[in-house]
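Beneath this line is the structure, given in structure tokens, with notes to follow.
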There are 2 protein chains.
Amino acid sequence: MSCSEAYTPQLRARGYRMTPQRLAILHVLHHSAKHLSPVQVYEQARADVPSLTETTVYRTLEFLAENGLAHPAHLGNGHLVYEIAGHEHHHLKCRTCGSETEVEHALLQKLYRQLESESGYHLTDSHITFFGLCPDCQKGE
Amino acid sequence: MSCSEAYTPQLRARGYRMTPQRLAILHVLHHSAKHLSPVQVYEQARADVPSLTETTVYRTLEFLAENGLAHPAHLGNGHLVYEIAGHEHHHLKCRTCGSETEVEHALLQKLYRQLESESGYHLTDSHITFFGLCPDCQKGE
DNA sequence: TTCCTTATTGCAACTTTTTGCAATAGTATA
DNA sequence: TATACTATTGCAAAAAGTTGCAATAAGGAA
Ligand SMILES: [Mn+2]
Ligand SMILES: [Mn+2]
Ligand SMILES: [Zn+2]
Ligand SMILES: [Zn+2]
């Protein structure tokens with residue numbers, strides 16, 4: 001299934017339009033193995049849509065995140081990066097060497113339930129970064 | 001105990017210096033009831049140290065965070081805010097109305113332990129924001 | 001196909017945050 | 001108290017991110 005076939009109906013269903021810019025950006029995210037910064041997305045998507053601007057990339061990434069097609073992440077440098085939605089997970093990142101590990105959301109399921117029942121909130125987010133020391137860097141302490 | 005008496009030794013012990021700028025910024029954080037943006041810190045701390053620059057505020061907040069005297073937070077708008085360290089907690093924030101609730105870190109203790117034993121990482125961070133819908137906003141769904 | 005509505009884009013100006021570097025000023029030592 | 005070392009600051013310039021607005025174009029209706 002192409003990116004267009006996959007994502008266009010999702011946008012239409014919410015009253016939004018598919019555009020070459022959005023499609024190019026979705027395509028970049030969909031085929032990236034890792035989180036991408038807005039500038040990285042811009043540079044790659046520009047190959048498809050030369051008229052693309054950084055303004056549109058920033059707005060589109062935020063739009064996709066609001067509509068559940070992309071997930072923003074804070075990986076510790078204070079800057080947002082994005083990835084395509086679909087795989088529910090979180091991250092563990094080492095403060096010393098920067099190494100990262102994924103954590104399945106299923107592992108936090110229980111905690112989410114507990115937080116929900118204690119607070120009354122219904123938790124919707126599932127892309128969090130926890131920080132710490134990786135096994136290797138603990139040795140060097 | 002004054003801010004200076006409290007924080008100077010902590011910096012010295014790590015080989016850093018206490019300066020009027022750092023003291024003013026720590027003072028602002030210490031006496032604030034809520035998270036502050038770098039610009040808010042700048043405007044308040046400038047009353048103490050008129051020569052203070054925004055550059056120094058950004059660098060100092062990052063420095064204080066790295067050294068455990070301040071905690072950065074992502075409250076959902078993509079911008080970092082800071083608060084003084086000392087009270088281990090997390091946040092629940094409503095995506096619809098923006099309301100916030102604190103969660104004691106003790107509540108996540110078990111999860112942290114579980115993540116640690118499964119991943120081998122030693123988790124150090126304890127200032128996370130979970131997003132969802134507050135009780136009121138769930139009704140309006 | 002053509003027309004119409006309005007969501008979306010690009011541009012330009014602006015705000016926020018980061019960076020390199022030379023000047024300044026804590027603080028340890030004598 | 002004076003000196004030396006170097007961590008820290010302020011400045012200027014650059015990079016990253018945001019906003020208002022007029023022009024464009026997606027897509028439903030005719
Ligand atoms: Mn991820
Ligand atoms: Mn907090
Ligand atoms: Zn590590
Ligand atoms: Zn709410």
Side-chain angles (χ1 to χ4, degrees), chain A residues 3-5 7-28 35-46 48-67 69-70 72-82, chain B residues 3-5 7-28 35-46 48-67 69-70 72-82:
Chain A
C3 282
S4 175
E5 287 166 340
Y7 298 118
T8 302
Q10 296 190 57
L11 294 187
R12 295 271 178 83
R14 289 164 168 266
Y16 300 117
R17 300 172 182 176
M18 180 55 83
T19 66
Q21 291 86 345
R22 285 180 178 171
L23 193 53
I25 289 167
L26 281 164
H27 186 80
V28 167
H35 302 132
L36 296 175
S37 71
V39 173
Q40 291 174 313
V41 170
Y42 168 69
E43 282 167 358
Q44 292 186 38
R46 204 157 48 136
D48 266 317
V49 181
S51 71
L52 186 66
T53 61
E54 290 186 279
T55 301
T56 295
V57 172
Y58 282 106
R59 279 197 283 227
T60 300
L61 290 171
E62 189 178 353
F63 166 83
L64 294 175
E66 278 170 357
N67 289 283
L69 302 197
H74 293 287
L75 261 33
N77 58 5
H79 291 227
L80 279 174
V81 290
Y82 292 84
Chain B
C3 283
S4 175
E5 288 166 340
Y7 298 118
T8 302
Q10 296 189 56
L11 295 187
R12 294 271 178 84
R14 289 164 168 266
Y16 299 116
R17 300 172 182 176
M18 180 54 83
T19 66
Q21 291 87 343
R22 285 180 177 170
L23 194 53
I25 290 168
L26 281 164
H27 186 82
V28 167
H35 303 132
L36 296 175
S37 71
V39 172
Q40 290 174 314
V41 171
Y42 168 67
E43 282 168 358
Q44 292 186 39
R46 202 155 51 133
D48 266 318
V49 181
S51 71
L52 185 67
T53 61
E54 290 185 281
T55 301
T56 295
V57 171
Y58 281 106
R59 280 197 283 228
T60 300
L61 290 171
E62 191 179 353
F63 166 84
L64 294 175
E66 278 168 358
N67 289 283
L69 303 197
H74 293 287
L75 260 33
N77 58 6
H79 291 229
L80 280 173
V81 290
Y82 292 83

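The chains referred to below are lettered A, B, ... by the order of the sequence lines, with proteins before strands, and numbering in each begins at 1.
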Can you label the angle between the A:Phe63 ring and the A:Tyr16 ring as parallel, tilted or perpendicular, going by 30° and 60°? perpendicular

Measure the distance from CD on B:Glu66 to C1' on D:dA7 and round it to the nearest whole Å. 14 Å

Does B:Pro38 or A:Leu52 map to a spot on DNA chain C nearer the 5' end, using the closest nucleotide for each? A:Leu52

Considering all heavy atoms, the nearest B:Tyr7-B:Leu69 contact: CD2-CD1, 4.2 Å

Examine C:dT19: is either OP1 or OP2 under 4.0 Å from a nitrogen or oxygen in the side chain of B:Thr55? Give yes or no. no

Could you work out which one of C:dT8, D:dC11, C:dA25 sits closest to the side chain of B:Arg17? C:dA25

Looking at B:Thr60, I'd like to know whether one of its side-chain N or O atoms comes within less than 4.0 Å of OP1 or OP2 on D:dT8. no

First of A:Phe63 and B:Pro20 reached from the 5' end of DNA chain C, by closest nucleotide: A:Phe63

Can you check the B:Tyr58 OH to C:dT15 C1' distance for me, whole Å? 9 Å

Note: for B:Arg22 and A:His79 on DNA chain D, the residue whose nearest nucleotide lies more 5' is B:Arg22

Applying a 4.0 Å non-hydrogen cut-off, can you work out what B:Gln21 is touching in the nucleic acid: base, sugar-phosphate, or nothing? sugar-phosphate

Do A:Leu23 and A:His27 have side-chain heavy atoms sitting under 4.5 Å apart? no

Measure the distance from CG on B:Leu11 to P on D:dT8 and round it to the nearest whole Å. 8 Å

Nearest to the side chain of B:Thr56 - C:dT17, D:dG10, C:dT27? D:dG10

Rounded to whole Å, the CG-C1' distance (A:Asn77 to D:dA16) equals 12 Å

To the nearest angstrom, the CG-C1' distance between B:Leu23 and D:dT9 comes to 16 Å

Answer with yes or no whether B:Arg12 presents, from its side chain, a donor or acceptor under 3.5 Å of a partner atom in the base of C:dT27. no

What heavy-atom pair brings A:Arg22 and A:Arg17 nearest, and what distance separates the two atoms? NH1-O, 2.8 Å

Would the base of D:dG17 count as contacting A:Arg59 through its side chain, where contact means a donor and an acceptor less than 3.5 Å apart? no

Determine yes or no for a side-chain-to-main-chain donor-acceptor pair under 3.5 angstrom, with A:Thr60 supplying the side chain and A:Thr56 the backbone. yes

Side-chain contact check for A:Tyr16: nearest option of C:dC11, C:dT27, C:dT8 is C:dT8

